[in-house]
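First up is the structure itself, then whatever we jot down about it.
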Amino acid sequence: MGWFRRRYLDLLGSIYIYNEHRGYTSIDRVLEAVRARAPDDHALIAAIEKHRADERKHYLMFKRWFQLQGKMPLEVDRTCGHIDRFVEIMFRRTIDDLDTQAIIASDDQFEKLCRVISLTERRGYRQVDVLLRHPLVTGDKVLMKIFGIIEKDEPSHWAPYDNWLEAHGRRESAWWERAIDTFIHSELLFLKLPLLFVNPFVRRRTDWADAREPAQRLATPLPAGL
């Protein structure tokens, strides 16, 4: 049972640290688009900057959790990234290949991106609520503190995108978009996570995901006690 719990938490932390890193690096692209589209919308820019800072903070918290155990995260890739899969399905290209200029130029493209981000953040909030009551998680005090902080941060993350949609008379997410979100989550939970769990060949990372990022992007303090 001890091995089972350690393996589960190892995978959980590895998937979360990947998604948090993917989150804040992807938001850099969103900020680029917003600053170009609406340079005078200081409230929207500030809200997205806070979202980006929170994602970076969450990444650092999981990084610290691994450091306290003296090990690196397991090497997971974009197949375990919720936002990766959502963007690939909705835009038919990876996040790295997303055409930022097209999103800047098109309200329809930006609208689609806002709905994808909002649904992803709402999914994250619901999942954290589950994990805070999960018997394999509640015994880890550091993880419980991390997830408690994420739970408090999350509601502000989908707000700027929902507010933009409402302010511009754009529709809310459709049933089929919510179905895609559910499919991506179920795919990870019931297929990818079990396969990773039983795969003895999953290696650990040899470096941190932010190792080569410019210094000015790394200035995010950890919460007290982590």
Side-chain angles (χ1 to χ4, degrees), residues 14-64 73 75-125 146 149-150 153-165 168 181 184 205 207-223:
S14 299
I15 290 170
Y16 259 93
I17 197 171
Y18 172 86
N19 277 278
E20 299 295 352
H21 180 262
R22 198 56 154 161
Y24 79 79
T25 53
S26 298
I27 292 170
D28 285 335
R29 307 276 296 280
V30 178
L31 276 169
E32 179 186 347
V34 172
R35 287 168 178 154
R37 288 173 53 86
D40 297 326
D41 194 339
H42 303 298
L44 177 60
I45 292 171
I48 297 175
E49 285 176 339
K50 179 188 181 299
H51 182 192
R52 194 264 184 201
D54 283 348
E55 297 286 333
R56 168 70 182 161
K57 177 182 69 178
H58 300 166
Y59 166 82
L60 288 176
M61 292 191 298
F62 284 105
K63 182 177 180 179
R64 181 60 176 159
E75 199 169 69
V76 300
D77 59 20
R78 61 185 180 82
T79 61
C80 293
H82 194 97
I83 190 69
D84 289 87
R85 292 284 290 127
F86 218 154
V87 166
E88 286 174 12
I89 292 171
M90 295 293 289
F91 291 89
R92 299 184 181 180
R93 61 184 64 194
T94 67
I95 289 176
D96 294 331
D97 293 331
L98 205 58
D99 188 343
T100 306
Q101 292 306 311
I103 292 172
I104 291 170
S106 169
D107 278 355
D108 291 342
Q109 291 290 296
F110 188 70
E111 172 190 358
K112 186 190 297 185
L113 183 62
C114 283
R115 286 198 297 272
V116 166
I117 296 172
S118 177
L119 283 168
T120 298
E121 294 301 325
R122 289 176 182 276
R123 170 64 60 185
Y125 181 74
I146 290 171
I149 292 170
I150 294 174
D153 289 341
E154 286 290 355
S156 68
H157 293 174
W158 63 74
Y161 311 101
D162 285 359
N163 291 344
W164 185 91
L165 291 169
H168 290 80
D181 168 67
I184 293 168
R205 291 186 61 95
D207 63 352
W208 297 103
D210 63 346
R212 296 177 180 82
E213 292 177 17
Q216 67 269 22
R217 292 176 60 188
L218 307 182
T220 304
L222 273 170

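Note on ring orientation: taking the six-membered ring where Trp is involved, the planes of His168 and Trp164 are parallel (angle under 30°, cut-offs 30° and 60°).
One distance of note links CG of Leu165 with OG of Ser118; it measures 7.0 Å at 0.5 Å rounding. For the atom pair CZ of Arg52 and CD1 of Ile45, the computed distance is 15.0 Å after rounding to the nearest 0.5 Å. A distance of 12.5 Å separates CD in Glu111 from CD1 in Ile103, rounded to the nearest 0.5 Å. Distance check: Glu154 CD to Glu55 CD gives 6.5 Å after rounding to the nearest 0.5 Å. To the nearest 0.5 Å, atoms CE (Met90) and CG (Leu98) are separated by 11.5 Å. From Ile184, atom CD1 reaches atom CZ of Arg123 across 9.5 Å, with rounding to the nearest 0.5 Å.
Salt bridge Asp54/Arg56: absent, no basic N to carboxylate O contact under 4.0 Å.
Put simply, the side chain of Arg205 never gets that close to the backbone of Glu75: no donor and acceptor are under 3.5 Å apart. Within the 3.5 Å criterion, the main-chain N or O of Ile95 finds a donor-acceptor partner in the side chain of Arg29.
Phe62 has its side chain within reach of Ile150: a pair of non-hydrogen atoms, C-beta onward, lies under 4.5 Å apart. A 4.5 Å side-chain heavy-atom check between Asp99 and Gln109 finds every atom pair outside the cut-off. With contacts defined as side-chain heavy-atom distances shorter than 4.5 Å, the pair Phe86/Ile117 does not qualify. Under the 4.5 Å side-chain criterion, counting only non-hydrogen atoms from C-beta, Asp84 is in contact with Tyr18.
Shown here for Val76 and Ser14, the closest heavy-atom pair between the two residues is CG2-O, 3.6 Å. For Met61 against Ile149, the heavy-atom pair with the smallest separation is SD-CD1, 3.7 Å. Closest approach of Cys80 to Ile15, counting heavy atoms only: O-CG2, 3.9 Å. Contact detail for Tyr59 and Ala209: the closest heavy-atom pair is OH-N, 3.4 Å. Taking all atoms of both residues into account, the shortest heavy-atom contact from Pro160 to Ala47 is CB-CB, 3.7 Å.
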Requested in this report: Please test Asp96 against Arg22 for salt bridge (charged side-chain N to carboxylate O under 4.0 Å, His left out), starting from the C-alpha separation and ending with a verdict.
Outcome: CA-CA 10 Å; Asp96 294 331; Arg22 198 56 154 161; 3.3 Å; yes
Query raised in the report: Does the pair Lys112 and Asp108 meet the rule for a salt bridge (charged side-chain N to carboxylate O under 4.0 Å, His left out), with working shown?
Result: CA-CA 6 Å; Lys112 186 190 297 185; Asp108 291 342; over 6 Å; no
Query raised in the report: Stepwise, does the salt bridge (charged side-chain N to carboxylate O under 4.0 Å, His left out) test hold for Lys63 with Asp210?
Result: CA-CA 10 Å; Lys63 182 177 180 179; Asp210 63 346; 3.3 Å; yes
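Scanning for ring-ring contact (aromatic ring centres under 6.0 Å, His included) contacts around Trp158 gives Tyr125, with sequence neighbours left out. For Glu32, the salt bridge (Lys or Arg N to Asp or Glu O under 4.0 Å) criterion is met by no residue, not counting sequence neighbours. Residues passing the salt bridge (Lys or Arg N to Asp or Glu O under 4.0 Å) test with Arg122, sequence neighbours excluded: Asp162.
Arg78 CZ: 12 or fewer foreign heavy atoms inside a 6.0 Å radius.
Considering Val30, Thr120, Leu44, Leu113 as possible partners of Tyr161, the one that fulfils the side-chain contact (heavy atoms from CB on, under 4.5 Å) test is Val30.
Taking the six-membered ring wherever Trp is involved, the centroid distance between the rings of Tyr24 and His21 falls below 6.0 Å.
A donor atom on one side chain and an acceptor atom on the other are found under 3.5 Å apart for Asp153 and His58. One side chain, Glu121 or His51, offers a donor N or O that lies under 3.5 Å from an acceptor on the other.
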